[in-house]
Amino acid sequence: MATTDNILQGVNVLGHVSESQRKILTPQALAFLALLQRSFNQTRKSLLERRKLRQAELDKGNLPDFLPETRHIRENPTWKGAPPAPGLVDRRVEITGPTDRKMVVNALNSDVWTYMADFEDSSAPTWENMVNGQVNLYDAVRKQVDFKQGPKEYKLRTDRKLPTLIVRPRGWHLDEKHVTVDGEPMSGSLFDFGLYFYHNAFEAVKQGFGPYFYLPKMESHLEARLWNDVFNLAQDTIGMRRGTIRGTVLIETIMAAFEMDEIIYELRDHSSGLNCGRWDYIFSVIKKFRQNSSFVLPDRSCVTMTVPFMDAYVKLLIQTCHKRGVHAMGGMAAQIPIKDDKAANDKAMEGVRADKLREVRAGHDGTWVAHPALAIIATEIFNKHMPTPNQLFVRREDVQIGQNDLLNMNVPGKITEEGIRKNLNIGLGYMEAWVRGVGCVPINYLMEDAATAEVSRSQLWQWVRHGVTTAEGKRVDKAYALKLLKEQTQELAAKAPKGNKFQLAAQYFAGQVTGEDYADFLTSLLYNEITSAGSPSPASKL
(Lines give C-alpha, C1' and ligand atoms only; values in the text may rest on other atoms or scores of the structure.)
Protein backbone atom coordinates (compact mmCIF):
# COMPACT_ATOMS: atom_id res chain seq x y z
CA MET A 1 0.00 0.00 0.00
CA ALA A 2 1.28 3.49 -0.85
CA THR A 3 2.71 5.57 1.99
CA THR A 4 1.23 8.94 2.96
CA ASP A 5 4.30 10.70 1.49
CA ASN A 6 3.87 8.93 -1.85
CA ILE A 7 0.15 9.76 -2.01
CA LEU A 8 0.85 13.41 -1.18
CA GLN A 9 3.13 13.89 -4.20
CA GLY A 10 1.24 16.26 -6.49
CA VAL A 11 -1.04 17.56 -3.69
CA ASN A 12 -0.77 21.29 -2.97
CA VAL A 13 -2.60 23.60 -0.56
CA LEU A 14 -2.94 27.15 -1.92
CA GLY A 15 -4.85 28.63 1.03
CA HIS A 16 -3.27 29.97 4.21
CA VAL A 17 -3.34 27.40 7.03
CA SER A 18 -3.56 28.83 10.54
CA GLU A 19 -2.46 27.03 13.68
CA SER A 20 -6.04 26.08 14.64
CA GLN A 21 -6.65 24.64 11.16
CA ARG A 22 -3.66 22.29 11.26
CA LYS A 23 -5.60 19.65 13.20
CA ILE A 24 -7.90 19.41 10.16
CA LEU A 25 -5.41 19.72 7.31
CA THR A 26 -3.07 16.97 8.51
CA PRO A 27 -0.93 15.05 5.99
CA GLN A 28 -3.05 11.94 6.66
CA ALA A 29 -6.33 13.78 6.02
CA LEU A 30 -4.94 15.34 2.84
CA ALA A 31 -3.77 11.92 1.66
CA PHE A 32 -7.33 10.65 2.20
CA LEU A 33 -8.66 13.58 0.11
CA ALA A 34 -6.14 12.80 -2.64
CA LEU A 35 -7.27 9.16 -2.67
CA LEU A 36 -10.91 10.24 -3.15
CA GLN A 37 -10.02 12.81 -5.80
CA ARG A 38 -7.86 10.44 -7.86
CA SER A 39 -10.45 7.68 -7.60
CA PHE A 40 -13.55 9.67 -8.50
CA ASN A 41 -12.80 13.01 -10.15
CA GLN A 42 -12.85 11.67 -13.73
CA THR A 43 -16.27 10.11 -13.15
CA ARG A 44 -17.50 13.35 -11.60
CA LYS A 45 -16.33 15.34 -14.64
CA SER A 46 -17.93 12.92 -17.09
CA LEU A 47 -21.24 13.15 -15.20
CA LEU A 48 -21.08 16.95 -15.40
CA GLU A 49 -20.55 16.62 -19.16
CA ARG A 50 -23.57 14.33 -19.27
CA ARG A 51 -25.64 17.17 -17.74
CA LYS A 52 -24.68 19.37 -20.70
CA LEU A 53 -25.78 16.71 -23.19
CA ARG A 54 -29.12 16.34 -21.44
CA GLN A 55 -29.54 20.14 -21.46
CA ALA A 56 -28.96 20.20 -25.21
CA GLU A 57 -31.82 17.70 -25.60
CA LEU A 58 -34.11 19.84 -23.43
CA ASP A 59 -33.20 22.93 -25.49
CA LYS A 60 -34.46 21.07 -28.57
CA GLY A 61 -37.83 20.62 -26.85
CA ASN A 62 -37.37 16.99 -25.74
CA LEU A 63 -39.01 16.71 -22.32
CA PRO A 64 -37.78 14.41 -19.52
CA ASP A 65 -39.68 11.27 -18.60
CA PHE A 66 -39.27 8.22 -16.39
CA LEU A 67 -36.39 6.13 -17.75
CA PRO A 68 -37.42 3.01 -19.69
CA GLU A 69 -34.08 1.33 -18.94
CA THR A 70 -34.71 1.42 -15.16
CA ARG A 71 -38.39 0.41 -15.19
CA HIS A 72 -37.45 -2.90 -13.53
CA ILE A 73 -36.16 -0.99 -10.49
CA ARG A 74 -39.29 1.15 -10.18
CA GLU A 75 -41.66 -1.78 -10.63
CA ASN A 76 -39.91 -4.20 -8.26
CA PRO A 77 -41.71 -3.79 -4.89
CA THR A 78 -39.35 -6.03 -2.91
CA TRP A 79 -36.19 -3.93 -2.49
CA LYS A 80 -35.86 -1.41 0.36
CA GLY A 81 -33.49 1.30 1.51
CA ALA A 82 -31.54 0.94 4.74
CA PRO A 83 -33.44 0.97 8.05
CA PRO A 84 -33.19 4.31 9.90
CA ALA A 85 -29.79 4.72 11.59
CA PRO A 86 -29.24 5.77 15.24
CA GLY A 87 -30.33 9.39 15.68
CA LEU A 88 -32.30 9.38 12.42
CA VAL A 89 -35.44 7.44 13.40
CA ASP A 90 -37.30 10.61 14.47
CA ARG A 91 -36.43 13.69 12.39
CA ARG A 92 -39.61 15.70 12.81
CA VAL A 93 -37.90 19.10 12.93
CA GLU A 94 -34.49 19.83 11.39
CA ILE A 95 -32.72 23.19 11.60
CA THR A 96 -30.29 24.22 8.89
CA GLY A 97 -27.57 26.82 8.67
CA PRO A 98 -23.90 27.53 7.94
CA THR A 99 -20.98 26.17 9.93
CA ASP A 100 -19.70 29.30 11.70
CA ARG A 101 -19.08 28.60 15.38
CA LYS A 102 -21.94 30.72 16.74
CA MET A 103 -24.44 29.05 14.39
CA VAL A 104 -23.19 25.59 15.32
CA VAL A 105 -23.68 26.22 19.05
CA ASN A 106 -27.07 27.91 18.60
CA ALA A 107 -28.33 25.17 16.27
CA LEU A 108 -27.25 22.36 18.60
CA ASN A 109 -28.93 24.20 21.48
CA SER A 110 -32.22 24.49 19.57
CA ASP A 111 -35.26 22.36 20.37
CA VAL A 112 -34.96 20.30 17.20
CA TRP A 113 -34.17 16.68 16.33
CA THR A 114 -31.33 17.24 13.83
CA TYR A 115 -29.06 20.05 12.65
CA MET A 116 -27.94 20.17 9.03
CA ALA A 117 -24.56 21.91 9.08
CA ASP A 118 -24.24 23.45 5.65
CA PHE A 119 -21.12 23.85 3.50
CA GLU A 120 -23.39 24.46 0.49
CA ASP A 121 -26.14 27.00 -0.27
CA SER A 122 -26.07 28.92 3.03
CA SER A 123 -22.26 29.21 3.07
CA ALA A 124 -20.04 31.29 0.80
CA PRO A 125 -17.11 28.93 0.11
CA THR A 126 -14.21 31.16 1.10
CA TRP A 127 -11.21 29.14 2.24
CA GLU A 128 -11.67 30.48 5.78
CA ASN A 129 -15.36 29.54 5.89
CA MET A 130 -14.76 26.02 4.60
CA VAL A 131 -11.81 25.12 6.80
CA ASN A 132 -13.03 26.89 9.93
CA GLY A 133 -16.37 25.13 9.42
CA GLN A 134 -14.51 21.81 9.56
CA VAL A 135 -12.74 22.92 12.77
CA ASN A 136 -16.09 23.85 14.30
CA LEU A 137 -17.72 20.53 13.39
CA TYR A 138 -14.68 18.58 14.65
CA ASP A 139 -15.13 20.34 18.00
CA ALA A 140 -18.95 20.00 17.93
CA VAL A 141 -18.81 16.21 17.42
CA ARG A 142 -16.61 16.05 20.52
CA LYS A 143 -18.82 18.55 22.44
CA GLN A 144 -15.87 20.95 22.77
CA VAL A 145 -17.29 23.84 20.74
CA ASP A 146 -17.97 26.35 23.59
CA PHE A 147 -16.40 29.77 23.06
CA LYS A 148 -16.48 33.39 24.17
CA GLN A 149 -17.17 36.38 21.90
CA GLY A 150 -16.58 39.62 23.77
CA PRO A 151 -18.55 39.42 27.01
CA LYS A 152 -20.90 36.74 25.65
CA GLU A 153 -20.34 33.03 26.19
CA TYR A 154 -21.67 30.36 23.83
CA LYS A 155 -22.00 26.97 25.50
CA LEU A 156 -23.60 23.70 24.48
CA ARG A 157 -26.49 22.84 26.76
CA THR A 158 -25.97 19.75 28.88
CA ASP A 159 -29.52 19.19 30.12
CA ARG A 160 -30.56 16.94 27.22
CA LYS A 161 -29.42 14.93 24.23
CA LEU A 162 -28.16 17.17 21.42
CA PRO A 163 -29.71 17.11 17.94
CA THR A 164 -28.19 14.66 15.46
CA LEU A 165 -25.58 16.33 13.26
CA ILE A 166 -25.94 15.97 9.48
CA VAL A 167 -23.45 17.63 7.11
CA ARG A 168 -24.23 18.97 3.64
CA PRO A 169 -21.15 19.11 1.37
CA ARG A 170 -21.07 21.17 -1.80
CA GLY A 171 -22.65 19.82 -4.99
CA TRP A 172 -20.77 17.87 -7.67
CA HIS A 173 -20.39 20.98 -9.87
CA LEU A 174 -18.29 23.02 -7.42
CA ASP A 175 -14.49 22.99 -7.13
CA GLU A 176 -12.26 23.73 -4.15
CA LYS A 177 -9.56 25.79 -5.83
CA HIS A 178 -7.43 26.14 -2.70
CA VAL A 179 -6.36 22.48 -2.91
CA THR A 180 -5.00 20.96 -6.10
CA VAL A 181 -4.32 17.30 -6.83
CA ASP A 182 -2.05 16.58 -9.80
CA GLY A 183 -2.53 20.13 -11.04
CA GLU A 184 -6.35 20.11 -10.91
CA PRO A 185 -8.64 21.80 -8.36
CA MET A 186 -10.13 19.41 -5.83
CA SER A 187 -13.84 18.59 -6.01
CA GLY A 188 -15.68 20.71 -3.42
CA SER A 189 -17.95 17.74 -2.63
CA LEU A 190 -15.05 15.39 -1.96
CA PHE A 191 -13.18 18.04 0.05
CA ASP A 192 -16.13 18.74 2.37
CA PHE A 193 -17.19 15.11 2.69
CA GLY A 194 -13.65 13.77 3.01
CA LEU A 195 -12.42 16.06 5.76
CA TYR A 196 -15.54 15.64 7.89
CA PHE A 197 -15.66 11.87 7.41
CA TYR A 198 -11.96 11.26 7.98
CA HIS A 199 -11.84 13.15 11.27
CA ASN A 200 -15.29 12.42 12.70
CA ALA A 201 -16.72 9.12 11.44
CA PHE A 202 -15.61 6.94 14.36
CA GLU A 203 -16.17 9.68 16.93
CA ALA A 204 -19.72 10.27 15.67
CA VAL A 205 -20.52 6.56 16.08
CA LYS A 206 -18.99 6.64 19.58
CA GLN A 207 -21.26 9.61 20.42
CA GLY A 208 -24.35 7.61 19.44
CA PHE A 209 -24.99 8.79 15.87
CA GLY A 210 -22.80 8.41 12.79
CA PRO A 211 -21.32 10.03 9.67
CA TYR A 212 -24.52 11.43 8.14
CA PHE A 213 -24.85 13.64 5.07
CA TYR A 214 -27.33 15.61 2.99
CA LEU A 215 -26.49 15.29 -0.72
CA PRO A 216 -27.42 18.29 -2.90
CA LYS A 217 -28.05 19.21 -6.54
CA MET A 218 -28.03 15.73 -8.07
CA GLU A 219 -29.55 15.34 -11.53
CA SER A 220 -29.46 11.57 -12.03
CA HIS A 221 -29.19 8.19 -10.32
CA LEU A 222 -25.69 7.89 -11.81
CA GLU A 223 -24.63 10.82 -9.62
CA ALA A 224 -26.10 8.96 -6.63
CA ARG A 225 -24.13 5.87 -7.70
CA LEU A 226 -20.97 7.97 -7.58
CA TRP A 227 -21.76 9.05 -4.00
CA ASN A 228 -22.35 5.42 -3.06
CA ASP A 229 -18.96 4.43 -4.52
CA VAL A 230 -17.34 7.28 -2.55
CA PHE A 231 -19.04 6.07 0.63
CA ASN A 232 -17.88 2.49 0.12
CA LEU A 233 -14.25 3.42 -0.56
CA ALA A 234 -14.20 5.89 2.35
CA GLN A 235 -15.51 3.28 4.80
CA ASP A 236 -13.18 0.56 3.47
CA THR A 237 -10.16 2.87 3.73
CA ILE A 238 -10.62 3.69 7.42
CA GLY A 239 -11.86 0.20 8.36
CA MET A 240 -15.48 1.15 9.02
CA ARG A 241 -18.37 -1.21 8.34
CA ARG A 242 -20.10 -0.46 5.02
CA GLY A 243 -23.57 0.98 5.57
CA THR A 244 -22.51 3.13 8.57
CA ILE A 245 -22.73 6.29 6.46
CA ARG A 246 -26.19 7.64 5.69
CA GLY A 247 -27.09 10.07 2.91
CA THR A 248 -30.37 11.97 2.53
CA VAL A 249 -30.73 13.20 -1.04
CA LEU A 250 -32.25 16.59 -1.75
CA ILE A 251 -34.60 16.22 -4.69
CA GLU A 252 -34.09 19.75 -5.92
CA THR A 253 -33.81 19.26 -9.67
CA ILE A 254 -36.58 18.39 -12.11
CA MET A 255 -34.36 15.70 -13.66
CA ALA A 256 -33.92 13.91 -10.32
CA ALA A 257 -37.70 13.94 -9.77
CA PHE A 258 -37.99 11.40 -12.60
CA GLU A 259 -35.36 9.15 -10.95
CA MET A 260 -36.31 9.08 -7.25
CA ASP A 261 -36.67 5.30 -7.03
CA GLU A 262 -33.38 4.83 -8.85
CA ILE A 263 -31.56 7.32 -6.57
CA ILE A 264 -32.70 5.47 -3.43
CA TYR A 265 -31.77 2.17 -5.14
CA GLU A 266 -28.22 3.30 -5.90
CA LEU A 267 -27.69 4.46 -2.32
CA ARG A 268 -29.89 1.82 -0.72
CA ASP A 269 -27.47 0.54 1.97
CA HIS A 270 -26.62 4.15 2.77
CA SER A 271 -29.98 5.82 2.10
CA SER A 272 -31.73 7.85 4.78
CA GLY A 273 -34.39 9.18 2.44
CA LEU A 274 -35.19 12.14 0.22
CA ASN A 275 -35.97 15.79 0.93
CA CYS A 276 -38.08 18.35 -0.94
CA GLY A 277 -35.62 21.14 -1.77
CA ARG A 278 -38.37 23.50 -2.89
CA TRP A 279 -36.55 26.67 -3.99
CA ASP A 280 -33.83 24.82 -5.87
CA TYR A 281 -36.52 22.68 -7.49
CA ILE A 282 -38.31 25.78 -8.83
CA PHE A 283 -34.95 27.14 -9.98
CA SER A 284 -34.22 23.86 -11.76
CA VAL A 285 -37.58 23.88 -13.60
CA ILE A 286 -36.92 27.40 -14.92
CA LYS A 287 -33.26 26.66 -15.70
CA LYS A 288 -33.80 23.39 -17.54
CA PHE A 289 -36.72 24.66 -19.65
CA ARG A 290 -35.54 28.25 -20.00
CA GLN A 291 -35.68 28.10 -23.81
CA ASN A 292 -39.28 26.79 -23.75
CA SER A 293 -42.00 29.45 -23.60
CA SER A 294 -44.48 26.88 -22.20
CA PHE A 295 -42.54 26.92 -18.91
CA VAL A 296 -42.69 30.67 -18.15
CA LEU A 297 -43.77 31.12 -14.52
CA PRO A 298 -45.42 34.14 -12.86
CA ASP A 299 -44.02 36.12 -9.88
CA ARG A 300 -42.08 33.96 -7.44
CA SER A 301 -44.72 34.57 -4.73
CA CYS A 302 -47.30 32.78 -6.91
CA VAL A 303 -45.23 29.58 -7.17
CA THR A 304 -46.38 27.92 -3.95
CA MET A 305 -46.21 24.31 -2.83
CA THR A 306 -49.84 23.79 -3.88
CA VAL A 307 -49.43 24.61 -7.60
CA PRO A 308 -49.77 21.47 -9.76
CA PHE A 309 -46.12 20.68 -10.55
CA MET A 310 -45.00 21.23 -6.94
CA ASP A 311 -47.90 19.26 -5.48
CA ALA A 312 -47.15 16.35 -7.82
CA TYR A 313 -43.46 16.31 -6.87
CA VAL A 314 -44.27 16.24 -3.13
CA LYS A 315 -46.80 13.40 -3.48
CA LEU A 316 -44.46 11.30 -5.62
CA LEU A 317 -41.53 11.85 -3.23
CA ILE A 318 -43.53 10.73 -0.18
CA GLN A 319 -44.97 7.71 -1.98
CA THR A 320 -41.54 6.66 -3.32
CA CYS A 321 -39.73 7.03 0.01
CA HIS A 322 -42.31 5.16 2.05
CA LYS A 323 -42.54 2.37 -0.51
CA ARG A 324 -38.80 1.89 0.08
CA GLY A 325 -38.87 2.33 3.87
CA VAL A 326 -36.94 5.62 4.07
CA HIS A 327 -37.79 9.12 5.32
CA ALA A 328 -39.58 11.70 3.16
CA MET A 329 -38.50 15.08 4.50
CA GLY A 330 -40.42 18.31 3.94
CA GLY A 331 -39.11 21.67 2.84
CA MET A 332 -37.75 24.85 4.36
CA ALA A 333 -39.62 27.49 6.33
CA ALA A 334 -37.34 30.45 5.66
CA GLN A 335 -39.29 33.06 7.66
CA ILE A 336 -37.61 35.12 10.37
CA PRO A 337 -39.69 36.56 13.25
CA ILE A 338 -40.74 40.20 12.66
CA LYS A 339 -40.09 41.72 16.07
CA ASP A 340 -41.38 45.26 15.47
CA ASP A 341 -44.71 44.47 13.77
CA LYS A 342 -47.00 42.03 15.60
CA ALA A 343 -49.67 41.92 12.89
CA ALA A 344 -47.12 41.18 10.15
CA ASN A 345 -45.39 38.60 12.35
CA ASP A 346 -48.67 36.86 13.18
CA LYS A 347 -49.49 36.64 9.48
CA ALA A 348 -46.04 35.24 8.63
CA MET A 349 -46.18 32.65 11.42
CA GLU A 350 -49.69 31.63 10.33
CA GLY A 351 -48.18 30.94 6.90
CA VAL A 352 -45.54 28.72 8.50
CA ARG A 353 -48.22 26.89 10.48
CA ALA A 354 -50.29 26.22 7.34
CA ASP A 355 -47.21 25.02 5.42
CA LYS A 356 -46.15 22.58 8.15
CA LEU A 357 -49.73 21.31 8.51
CA ARG A 358 -49.83 20.63 4.76
CA GLU A 359 -46.56 18.69 5.05
CA VAL A 360 -47.50 16.49 8.00
CA ARG A 361 -50.93 15.71 6.53
CA ALA A 362 -49.35 14.80 3.19
CA GLY A 363 -47.23 12.17 4.96
CA HIS A 364 -43.84 13.86 5.44
CA ASP A 365 -41.69 12.48 8.27
CA GLY A 366 -40.19 15.84 9.21
CA THR A 367 -39.52 19.37 8.06
CA TRP A 368 -36.91 22.13 7.89
CA VAL A 369 -36.71 25.49 9.64
CA ALA A 370 -34.14 28.27 9.34
CA HIS A 371 -34.77 29.92 12.72
CA PRO A 372 -35.17 28.42 16.24
CA ALA A 373 -38.43 30.36 16.80
CA LEU A 374 -40.01 28.46 13.90
CA ALA A 375 -38.97 25.14 15.43
CA ILE A 376 -41.59 25.68 18.16
CA ILE A 377 -44.37 26.01 15.55
CA ALA A 378 -43.15 23.06 13.48
CA THR A 379 -42.80 20.86 16.58
CA GLU A 380 -46.30 21.71 17.79
CA ILE A 381 -47.82 20.79 14.39
CA PHE A 382 -45.84 17.57 13.93
CA ASN A 383 -46.36 16.44 17.54
CA LYS A 384 -50.10 16.90 17.20
CA HIS A 385 -50.48 15.16 13.84
CA MET A 386 -47.58 12.68 14.00
CA PRO A 387 -47.56 10.98 17.43
CA THR A 388 -45.26 8.27 15.97
CA PRO A 389 -41.48 8.78 15.36
CA ASN A 390 -42.15 8.96 11.60
CA GLN A 391 -44.87 8.17 9.06
CA LEU A 392 -43.12 5.48 7.02
CA PHE A 393 -46.36 3.47 7.23
CA VAL A 394 -48.28 6.18 5.30
CA ARG A 395 -47.82 4.58 1.90
CA ARG A 396 -49.83 7.04 -0.24
CA GLU A 397 -51.02 4.25 -2.53
CA ASP A 398 -53.74 6.67 -3.67
CA VAL A 399 -51.11 8.67 -5.58
CA GLN A 400 -50.75 8.26 -9.36
CA ILE A 401 -48.17 10.69 -10.74
CA GLY A 402 -47.00 10.68 -14.36
CA GLN A 403 -44.82 12.81 -16.62
CA ASN A 404 -47.60 15.33 -17.31
CA ASP A 405 -48.18 15.92 -13.60
CA LEU A 406 -44.53 16.71 -12.90
CA LEU A 407 -44.45 19.08 -15.91
CA ASN A 408 -47.86 20.73 -15.37
CA MET A 409 -47.06 24.45 -15.53
CA ASN A 410 -50.64 25.60 -14.98
CA VAL A 411 -49.68 28.18 -12.34
CA PRO A 412 -52.16 31.02 -11.74
CA GLY A 413 -50.68 34.48 -11.30
CA LYS A 414 -49.18 37.44 -13.10
CA ILE A 415 -45.77 38.92 -13.77
CA THR A 416 -45.59 42.37 -12.17
CA GLU A 417 -43.06 45.17 -11.92
CA GLU A 418 -43.08 44.64 -8.17
CA GLY A 419 -42.16 40.97 -8.78
CA ILE A 420 -39.29 42.04 -11.04
CA ARG A 421 -37.98 44.50 -8.46
CA LYS A 422 -38.25 41.89 -5.69
CA ASN A 423 -36.23 39.45 -7.78
CA LEU A 424 -33.62 42.12 -8.44
CA ASN A 425 -33.42 42.98 -4.73
CA ILE A 426 -33.03 39.36 -3.68
CA GLY A 427 -30.45 38.61 -6.37
CA LEU A 428 -28.43 41.74 -5.68
CA GLY A 429 -28.71 41.40 -1.91
CA TYR A 430 -27.58 37.82 -1.96
CA MET A 431 -24.74 38.27 -4.47
CA GLU A 432 -23.42 41.34 -2.64
CA ALA A 433 -23.27 39.38 0.61
CA TRP A 434 -21.77 36.33 -1.10
CA VAL A 435 -18.80 38.22 -2.51
CA ARG A 436 -18.19 39.47 1.05
CA GLY A 437 -18.10 35.84 2.21
CA VAL A 438 -21.63 35.61 3.67
CA GLY A 439 -23.84 32.79 2.37
CA CYS A 440 -27.27 33.44 3.90
CA VAL A 441 -28.88 36.84 4.09
CA PRO A 442 -32.06 38.11 5.79
CA ILE A 443 -34.10 40.03 3.18
CA ASN A 444 -37.67 41.15 3.93
CA TYR A 445 -37.85 38.79 6.93
CA LEU A 446 -36.92 35.74 4.89
CA MET A 447 -33.58 33.96 5.14
CA GLU A 448 -32.44 33.94 1.53
CA ASP A 449 -29.71 31.61 0.30
CA ALA A 450 -28.24 30.67 -3.08
CA ALA A 451 -31.41 28.80 -4.13
CA THR A 452 -33.70 31.83 -3.84
CA ALA A 453 -31.17 34.04 -5.60
CA GLU A 454 -31.07 31.47 -8.42
CA VAL A 455 -34.88 31.57 -8.76
CA SER A 456 -34.71 35.37 -8.94
CA ARG A 457 -32.13 35.62 -11.69
CA SER A 458 -33.56 32.68 -13.66
CA GLN A 459 -37.03 34.23 -13.70
CA LEU A 460 -35.63 37.55 -14.89
CA TRP A 461 -33.65 35.81 -17.65
CA GLN A 462 -36.73 33.83 -18.70
CA TRP A 463 -39.04 36.85 -18.75
CA VAL A 464 -36.65 38.86 -20.94
CA ARG A 465 -35.86 35.89 -23.19
CA HIS A 466 -39.56 35.33 -23.96
CA GLY A 467 -40.54 39.02 -24.01
CA VAL A 468 -43.37 38.68 -21.49
CA THR A 469 -45.72 41.56 -20.72
CA THR A 470 -46.27 42.64 -17.12
CA ALA A 471 -49.67 43.06 -15.49
CA GLU A 472 -49.09 46.81 -15.94
CA GLY A 473 -48.79 46.32 -19.72
CA LYS A 474 -45.01 46.80 -20.00
CA ARG A 475 -43.00 44.46 -22.26
CA VAL A 476 -40.02 43.00 -20.40
CA ASP A 477 -36.98 43.41 -22.60
CA LYS A 478 -33.24 43.86 -22.07
CA ALA A 479 -33.42 47.67 -21.75
CA TYR A 480 -36.25 47.51 -19.21
CA ALA A 481 -34.49 44.85 -17.12
CA LEU A 482 -31.22 46.82 -17.08
CA LYS A 483 -33.05 50.05 -16.22
CA LEU A 484 -34.73 48.44 -13.20
CA LEU A 485 -31.45 46.75 -12.23
CA LYS A 486 -29.72 50.14 -12.19
CA GLU A 487 -32.49 51.69 -10.08
CA GLN A 488 -32.50 48.86 -7.54
CA THR A 489 -28.70 48.85 -7.33
CA GLN A 490 -28.60 52.57 -6.58
CA GLU A 491 -31.34 52.24 -3.98
CA LEU A 492 -29.67 49.34 -2.18
CA ALA A 493 -26.16 50.85 -2.34
CA ALA A 494 -27.44 54.15 -0.89
CA LYS A 495 -28.88 52.36 2.16
CA ALA A 496 -25.89 50.08 2.72
CA PRO A 497 -22.72 50.86 4.71
CA LYS A 498 -19.74 52.34 2.86
CA GLY A 499 -17.53 49.77 1.18
CA ASN A 500 -20.50 47.63 0.11
CA LYS A 501 -20.19 45.56 -3.07
CA PHE A 502 -23.52 46.28 -4.77
CA GLN A 503 -21.85 47.69 -7.89
CA LEU A 504 -19.76 44.53 -8.27
CA ALA A 505 -22.87 42.39 -7.74
CA ALA A 506 -24.73 44.45 -10.35
CA GLN A 507 -21.93 43.96 -12.92
CA TYR A 508 -22.32 40.19 -12.60
CA PHE A 509 -26.10 40.34 -12.39
CA ALA A 510 -26.39 42.48 -15.53
CA GLY A 511 -24.97 39.62 -17.58
CA GLN A 512 -27.54 37.20 -16.17
CA VAL A 513 -30.86 39.00 -16.60
CA THR A 514 -30.94 39.93 -20.28
CA GLY A 515 -32.04 36.60 -21.75
CA GLU A 516 -28.58 36.07 -23.30
CA ASP A 517 -25.74 34.60 -21.20
CA TYR A 518 -26.82 32.14 -18.54
CA ALA A 519 -24.26 30.81 -16.04
CA ASP A 520 -24.77 27.25 -14.86
CA PHE A 521 -24.81 28.44 -11.22
CA LEU A 522 -24.37 31.90 -9.67
CA THR A 523 -21.97 30.38 -7.15
CA SER A 524 -19.71 29.13 -9.98
CA LEU A 525 -19.94 32.54 -11.68
CA LEU A 526 -18.86 34.40 -8.53
CA TYR A 527 -16.39 31.90 -7.07
CA ASN A 528 -13.22 33.59 -8.31
CA GLU A 529 -14.22 36.76 -6.39
CA ILE A 530 -13.81 34.93 -3.07
CA THR A 531 -10.81 32.70 -3.77
CA SER A 532 -7.61 33.64 -1.98
CA ALA A 533 -5.28 31.08 -3.50
CA GLY A 534 -1.66 31.95 -2.85
CA SER A 535 1.51 30.14 -3.80
CA PRO A 536 1.21 26.38 -3.47
CA SER A 537 2.46 24.61 -0.34
CA PRO A 538 3.19 20.91 -0.81
CA ALA A 539 0.75 19.02 1.44
CA SER A 540 3.57 16.94 2.90
CA LYS A 541 5.15 20.11 4.36
CA LEU A 542 2.08 21.29 6.34
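The structure presented is a predicted model; accordingly, all values stated were derived computationally and were not measured. Counting from 1, the numbers follow the sequence of the chain as shown.
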Are the charged groups of E432 and R436 less than 4.0 angstrom apart, N to O?
yes
Are any of the side-chain nitrogens in E184 or R44 under 4.0 Å away from the carboxylate oxygens of its partner?
no
Would you call [X] and [Y] a side-chain contact if the rule is heavy atoms closer than 4.5 Å?
X: T248; Y: E94; answer: no
X: N109; Y: Y154; answer: no
X: L162; Y: Q207; answer: no
X: H322; Y: R396; answer: no
X: T43; Y: L222; answer: no
X: T126; Y: S532; answer: no
X: P84; Y: R91; answer: no
X: M130; Y: S123; answer: yes

Quick check for you: to the nearest 0.5 Å, what is the distance between [X] atom [atom1] and [Y] atom [atom2]?
X: E448; Y: D121; atom1: CD; atom2: CG; result: 12.0 Å
X: R170; Y: F119; atom1: CZ; atom2: CZ; result: 8.5 Å
X: L190; Y: L36; atom1: CG; atom2: CG; result: 5.5 Å

How about [X] and [Y]: does a side-chain donor come under 3.5 Å of a side-chain acceptor?
X: D520; Y: S524; answer: no
X: N228; Y: R225; answer: no
X: K177; Y: T531; answer: no

Above 12 or not: heavy atoms from other molecules or residues under 6.0 Å from [atom1] of [X]?
X: Y265; atom1: OH; answer: no
X: K102; atom1: NZ; answer: no
X: K206; atom1: NZ; answer: no

Answer yes or no: is there a donor N or O on one side and an acceptor on the other, between the side chain of D365 and the main chain of N390, under 3.5 Å?
no
Can you tell me which residue among R74, K80, R324 is in a salt bridge (Lys or Arg N to Asp or Glu O under 4.0 Å) with D261?
R324
In this structure, which one of Y198, F193, Y196 forms a ring pair (Phe, Tyr, Trp, His ring centres under 6.0 Å) with F32?
Y198
Check against salt bridge (Lys or Arg N to Asp or Glu O under 4.0 Å), K287 and E454:
CA-CA 9 Å; K287 173 184 181 174; E454 292 284 25; over 6 Å; no
For the rings on W279 and F283, is their centre-to-centre separation under 6.0 Å?
no
For L88 and H327: C-alpha separation, side-chain torsions, deciding distance, then whether side chain to side chain contact (heavy atoms under 4.5 Å, CB included) applies.
CA-CA 9 Å; L88 293 179; H327 283 61; 5.7 Å; no
L174 and K217: CA distance, side-chain angles, deciding distance, side chain to side chain contact (heavy atoms under 4.5 Å, CB included) verdict
CA-CA 11 Å; L174 288 168; K217 302 285 189 292; over 6 Å; no
Parallel, tilted or perpendicular, as decided by the 30° and 60° cut-offs, for the rings of Y214 and W368
perpendicular
In this structure, which one of N106, N132, D139 forms a side chain to side chain donor-acceptor pair (under 3.5 Å) with R101?
D139
Steps toward side chain to side chain contact (heavy atoms under 4.5 Å, CB included) verdict (E359, K356):
CA-CA 5 Å; E359 287 183 328; K356 300 308 160 196; 3.3 Å; yes
